[in-house]
Amino acid sequence: MSRLHVFGDEAGDLVFKTPGNGVSRYFMIGTITVEDCSIGEQMLALRRELAWEGLFLDQFHATTDRQHVRDRVFGLIAKTKLRFDATILDKRKAQDDLRKDPLYFYKLAWYLHFKYVAKQIADSSDELLVVASSLQIRRKQRSTKAAVHEAVTEVVNQVSPTITCHCAFSPSTSDPCLQVADYLTWAIQRKYESEDLRSYDLVSHLVQSEFEPFRRSRTFYY
């Protein structure tokens, strides 16, 4: 029996318009799976090290961090024993009924991701804790935020092969393991949105799956 920790983050948006001007082509779910959370302690130690160098950070966030900080973080992550899985949805290939309700699409993304990943990381004898970042949904109304939490919890409980399974939701500032998920999901996003492999190449050995459910479709709906 193993006690597994899964930390998840998102990339992209739920705006279904022509990509560009701040609108993403893809919506992605990325998760890291670890048996222990020592990488979180290492991330905290790196923040303290940077503070000694005169750089004070509340958290690591790949989108806004300076490149030399990214280099240090990716260098640390690259040496860590973890697995990373990503599900990449090309929003333009989503049929009309899938695009009517962003919350439904969000839930579908998590369902497709976790249904694909769960059987690869756990079996019935394992215990599973899934922690999803709430950073992306803090701007939403409280009722919508609760619905997002409920959607993810329902999906995880539905497809997890484990008897014991718990879900939690936290801002990424509260858990450095979520910041690791943020960095790896950002690297995948850069690969698909911009064909920028600089960061991806540093951590590609940790990437166990890049699942594209709509890949075979040749139909674009907008």
Side-chain angles (χ1 to χ4, degrees), residues 2-13 22 24 27-87 110 113 117 121 127-140 145 148-149 152 166-194 196-208 210:
S2 298
R3 175 168 280 188
L4 302 172
H5 303 78
V6 177
F7 296 90
D9 200 12
E10 311 150 19
D13 54 60
S24 69
F27 182 74
M28 308 177 182
I29 301 291
T31 55
I32 65 167
T33 304
V34 292
E35 291 192 15
D36 66 71
C37 298
S38 58
I39 180 59
E41 299 300 321
Q42 295 174 52
M43 292 282 279
L44 287 173
L46 177 57
R47 275 179 55 198
R48 297 186 189 105
E49 184 178 331
L50 290 170
W52 277 110
E53 297 172 11
L55 182 59
F56 304 97
L57 300 171
D58 292 331
Q59 65 169 321
F60 291 115
H61 186 44
T63 301
T64 56
D65 285 345
R66 300 172 185 174
Q67 187 58 51
H68 72 276
V69 173
R70 291 193 196 114
D71 292 341
R72 297 278 288 274
V73 174
F74 277 120
L76 173 62
I77 294 173
K79 300 175 183 177
T80 304
K81 183 180 179 180
L82 60 81
R83 70 171 286 154
F84 177 74
D85 297 275
T87 295
W110 264 99
H113 177 79
V117 171
I121 64 174
E127 296 179 316
L128 194 62
L129 174 64
V130 179
V131 183
S133 173
S134 62
L135 180 64
Q136 297 270 350
I137 60 178
R138 286 188 300 179
R139 296 187 297 271
K140 299 180 183 294
K145 182 175 180 178
V148 168
H149 289 182
V152 175
H166 300 286
C167 291
F169 303 89
S170 303
S172 59
T173 52
S174 69
D175 196 318
C177 289
L178 286 172
Q179 296 164 37
V180 175
D182 164 77
Y183 256 73
L184 288 165
T185 305
W186 183 83
I188 286 283
Q189 181 186 37
R190 295 291 298 176
K191 174 184 176 180
Y192 282 82
E193 293 281 359
S194 308
D196 177 2
L197 298 177
R198 175 177 178 176
S199 298
Y200 176 85
D201 287 344
L202 298 174
V203 292
S204 60
H205 60 288
L206 302 176
V207 179
Q208 297 300 307
E210 298 173 47

Notebook entry, point to check: If we only count heavy atoms from C-beta on, is the S172 to D9 side-chain gap below 4.5 Å?
Noted result: no
Checklist line | D71: partners by side chain to side chain donor-acceptor pair (under 3.5 Å), with sequence neighbours left out | finding: Q67
Check: Which pairs pass side chain to side chain donor-acceptor pair (under 3.5 Å) with one or both residues in residues 38-48, sequence neighbours excluded?
Finding: D36-S38
Checklist line | Pairing residues for Y200 by the ring pair (Phe, Tyr, Trp, His ring centres under 6.0 Å) criterion, not counting sequence neighbours | finding: none
Item checked: Listed partners of T185 passing side chain to side chain donor-acceptor pair (under 3.5 Å), at least two apart -> none
Checklist line | side chain to side chain contact (heavy atoms under 4.5 Å, CB included) involving D196 - partner list, sequence neighbours excluded | finding: R190, S194, R198
Item checked: For E35, all residues meeting salt bridge (Lys or Arg N to Asp or Glu O under 4.0 Å), sequence neighbours excluded -> none
Next item on the list: Kindly write out the residues that satisfy side chain to side chain donor-acceptor pair (under 3.5 Å) with D65, not counting sequence neighbours, or none if the list is empty.
Entry: Y183
Note to self: Applying side chain to side chain contact (heavy atoms under 4.5 Å, CB included), can you list everything that pairs with H68, at least two apart in sequence or on another chain?
What the structure shows: L55, R66
Next item on the list: With sequence neighbours excluded, tell me which residues meet side chain to side chain donor-acceptor pair (under 3.5 Å) with E53.
Entry: R72
Item checked: For D13, all residues meeting salt bridge (Lys or Arg N to Asp or Glu O under 4.0 Å), sequence neighbours excluded -> K91
Margin query: Run the side chain to side chain contact (heavy atoms under 4.5 Å, CB included) test against T64 and tell me which residues pass, sequence neighbours left out.
Written below: H61
